[in-house]
*Asks:* 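Have a look at the structure that comes next, please.
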Amino acid sequence: MEKKNIAWEELGFGYISTDYRYVSMYKDGQWDKGALVSDPNVTMNECACVLQYAQTCFEGLKAYTTEDGRIVTFRPDMNAERMESSAAYLEMPVFPKNRFLDAVDQVVAANAAYVPPYGSGATLYVRPYMYGYNAVIGVKPASEYMFRMFVTPVGPYFKGGIKPLTVRISDFDRAAPNGTGHIKAGLNYAMSLHAIVDAHEKGFDENIYLDPATRTTIEETGGANVLFVTKDGKIVTPRSSSILPSITRRSLLYVAKEYLGLQVEERPITLAEVRENMAECGLCGTAAVISPVGKIVDHGNEICLPAGMVEMGPITKKLYDTLTGIQMGRIQAPTGWIREIRV
Ligand SMILES: *Cc1c(COP(=O)(O)O)cnc(C)c1O
């Protein structure tokens, strides 16, 4: 298979249309058998439920070329399961897990020419999503749904090297205490747009949201979970029912414990504790794996993490190197983490 003529090293994080995407339609109480199609455009009724009432959820995962030239995906079963819970909470039908995995295999294999080569720093981002399709004007769930999955090659999240971020404590809330924070719904992103534009205008890279009920503990950013390293070398991450369960964060905790022998805690974390007790901080998600945070600004009060503003903290770096090593096939993966795509 010949690769597309793409300057892999120059790729940013933007959408590029590829040759094939996967589509399956839900109608009369069942999913059709699904197919790969070449048209990147979607046509639907002006009153489609997704357009009026935002009934949609999505996932994000990546395909990689390993050191020995195989194409693999990382824990796609976890994305399938998370999409099941998102769909159920939004009163959408579940797209079965075995079919989700088959769709990932099909769409990555069909676009193998777009999977960036090993060592380029680029990867193939896979975007599964689902939306209420038919016309709905009275507020209720749709009765017809579209499940789709496209891929797009993306560059390394940090071009020209990893640089620690400056984040602010946000006055906006991301999710209500018994709301939708734990599911991957488009609506959570719609309402984060104002907060992120405002943060950027004021010179911050990201918003850290606090727990919406008491505004005393750390939750997460708009699109990434938060992980800390304490001054005595423990890994600590917030626990809350309004945080999206990041697959990267859960994988990093496993790697910390099982590969690096570190102690791991999941519990509420206050800002006061961050100030006194934390040495390193990182944001975890599929896009960047870990983005180091050097500074947290709480209404003008700066918390400068000891890891500093020049590079990743030493333990964050170990976590990052181990997980990316597993993804790229340089380090033995735990059973079931790597799904090889046969091209
Ligand atoms: C997708 C997402 C994450 C990261 O999850 P991963 O599975 O690691 O990619 C974190 N927070 C939010 C709000 C998200 O939507």
Side-chain angles (χ1 to χ4, degrees), residues 13 54 56-64 73-87 89-90 97 100-101 104 123-130 149 151-152 154 156-157 165 167 170 172-177 179-196 199 205-212 218-228 235 237-256 266 269 281-293 316 319-320 322-324 326-327 337-339:
F13 202 91
T56 178
C57 61
F58 67 99
E59 275 301 324
L61 66 151
K62 283 177 167 182
Y64 311 84
T73 50
F74 180 72
R75 309 190 78 181
D77 54 318
M78 303 285 274
N79 297 97
E81 286 168 16
R82 193 168 63 189
M83 197 162 182
E84 270 186 40
S85 35
S86 299
Y89 199 81
L90 292 171
K97 181 169 159 181
F100 182 103
L101 295 174
V104 173
T123 51
L124 189 74
Y125 185 73
V126 182
R127 168 54 60 88
Y129 61 113
M130 195 166 124
M149 198 182 288
V151 297
T152 190
V154 293
Y157 199 75
L165 306 177
V167 303
S170 172
F172 303 104
D173 290 324
R174 188 184 86 87
T180 55
H182 61 298
I183 61 165
K184 214 164 172 74
L187 60 91
N188 291 332
Y189 281 76
M191 44 75 61
S192 76
L193 297 176
H194 174 63
I196 194 65
D205 296 304
E206 270 294 348
N207 289 297
I208 284 190
Y209 296 99
L210 298 178
D211 79 287
I218 304 264
E219 293 254 296
E220 63 167 322
T221 69
N225 283 183
V226 186
L227 177 149
F228 292 97
I235 309 296
T237 186
R239 181 195 293 282
S240 153
S241 58
S242 44
I243 292 178
L244 193 280
S246 156
I247 295 162
T248 313
R249 188 250 308 158
R250 287 180 278 165
S251 303
L252 286 167
L253 294 188
Y254 183 90
V255 160
E266 216 176 321
I269 301 167
C281 175
L283 308 180
C284 331
T286 295
V289 182
I290 310 182
S291 318
V293 173
T316 311
L319 285 170
Y320 177 86
T322 310
L323 190 60
T324 51
I326 288 171
Q327 291 169 333
W337 278 25
I338 299 296
R339 184 174 172 99

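Read the numbers this way: they start at 1 and go in the same order the structure lists the ligands and their atoms. We count residues from 1, following the sequence as given.
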*Asks:* Between Arg249 and ligand 1, does any nitrogen or oxygen pair lie at a separation below 3.5 Å?
*Replies:*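 No: no nitrogen or oxygen of Arg249 is under 3.5 Å from one in ligand 1.
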*Asks:* Taking non-hydrogen atoms only, is Leu244 closer than 4.0 angstrom to ligand 1 via side chain, backbone, both or neither?
*Replies:*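 The answer is the side chain.
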*Asks:* Run the contact test for Gly222 against ligand 1 with a 4.0 Å cut-off on heavy atoms, strictly below, and give the result.
*Replies:*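 In this structure, Gly222 qualifies as a contact of ligand 1 - some heavy atom is under 4.0 Å.
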*Asks:* Check the side chains of Arg127 and Tyr129 for a donor-acceptor pair under 3.5 angstrom, ignoring hydrogens and angles.
*Replies:*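 No - no donor-acceptor pair under 3.5 Å links their side chains.
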*Asks:* For atom 15 (O) of ligand 1, what is the nearest protein heavy atom, given as residue, atom name and distance?
*Replies:*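 Going atom by atom, the protein heavy atom closest to atom 15 (O) of ligand 1 ends up being Tyr189 OH, 2.4 Å.
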*Asks:* Of all the atoms in ligand 1, which lie at a distance below 4.0 Å from a heavy atom belonging to Gly285?
*Replies:*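 With Gly285 as reference, the close atoms of ligand 1 come out as 4 (C), 8 (O), 9 (O).
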*Asks:* Name the option, out of Thr286, Leu283, Leu61, that contains the heavy atom nearest to atom 9 (O) of ligand 1.
*Replies:*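 Nearest option to atom 9 (O) of ligand 1, by heavy atoms: Thr286.
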*Asks:* Check this for me - ligand 1, Ile247, N or O atoms closer than 3.5 angstrom, yes or no?
*Replies:*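 For ligand 1, there is an N or O atom that lies under 3.5 Å from one belonging to Ile247.
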*Asks:* Within the distance-only criterion (no hydrogens, no angle test), does the side chain of Ser242 pair as donor or acceptor with the backbone N or O of His182 below 3.5 angstrom?
*Replies:*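 Judged by distance alone, no pair lies under 3.5 Å.
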*Asks:* Can you name the atoms of ligand 1, numbered from 1 with element, that are less than 4.0 Å from a heavy atom of Asn225?
*Replies:*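 Near Asn225, meaning under 4.0 Å from one of its heavy atoms, ligand 1 has 10 (C), 11 (N).
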*Asks:* So do Phe74 and Ser251 actually touch side chain to side chain, heavy atoms under 4.5 Å?
*Replies:*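 Heavy-atom side-chain distance check passes, below 4.5 Å.
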*Asks:* Kindly compute the distance separating OH (Tyr320) from OG1 (Thr248), expressed to the nearest 0.5 Å.
*Replies:*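 It is 11.5 Å, given to the nearest 0.5 Å.
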*Asks:* Looking only at protein heavy atoms, which one is nearest to atom 3 (C) of ligand 1, and how far off is it?
*Replies:*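 Going atom by atom, the protein heavy atom closest to atom 3 (C) of ligand 1 ends up being Gly223 O, 3.3 Å.
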*Asks:* Taking the basic N atoms (NZ, or NE/NH1/NH2) and the acidic carboxylate oxygens, is any pair closer than 4.0 Å for Lys184 and Glu59?
*Replies:*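 Judged by the 4.0 Å cut-off on N to carboxylate O distance, Lys184 and Glu59 do not form a salt bridge.
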*Asks:* Does Arg250 pair with Glu266 as a salt bridge, N-O distance under 4.0 Å?
*Replies:*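 The answer is no: the pair does not qualify as a salt bridge.
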*Asks:* Quick check on contacts: which atoms of ligand 1 are under 4.0 angstrom from a heavy atom of Arg174?
*Replies:*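 Answer, ordered by atom number: 13 (C).
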*Asks:* First locate atom OG1 of Thr73, then atom OH of Tyr64, and finally report the distance between them rounded to the nearest 0.5 Å.
*Replies:*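 One finds 9.0 Å between OG1 of Thr73 and OH of Tyr64.
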*Asks:* Looking only at protein heavy atoms, which one is nearest to atom 2 (C) of ligand 1, and what is the separation?
*Replies:*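 The closest one turns out to be Lys184 NZ, 2.6 Å.
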*Asks:* Enumerate the atoms of ligand 1 whose separation from the nearest heavy atom of Arg82 is less than 4.0 angstrom.
*Replies:*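 Numbered from 1, ligand 1 contributes 5 (O), 6 (P), 7 (O).
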*Asks:* Can we say Glu84 and Lys97 salt-bridge, meaning some charged N sits less than 4.0 Å from an Asp/Glu carboxylate O?
*Replies:*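 No salt bridge links Glu84 with Lys97.
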*Asks:* Considering only the protein, which heavy-atom contact is closest to atom 12 (C) of ligand 1, and what is its distance?
*Replies:*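 In this structure, atom 12 (C) of ligand 1 has Glu220 OE1, 3.4 Å as its nearest protein heavy atom.
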*Asks:* Counting only heavy atoms closer than 4.0 Å, does ligand 1 sit against the backbone of Ser246, its side chain, both, or neither?
*Replies:*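 For Ser246, the contact with ligand 1 is made by both the backbone and the side chain.
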*Asks:* Is there a side-chain contact between Arg174 and Leu244 (heavy atoms, below 4.5 Å)?
*Replies:*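 Of all side-chain heavy-atom pairs linking Leu244 with Arg174, at least one is under 4.5 Å.
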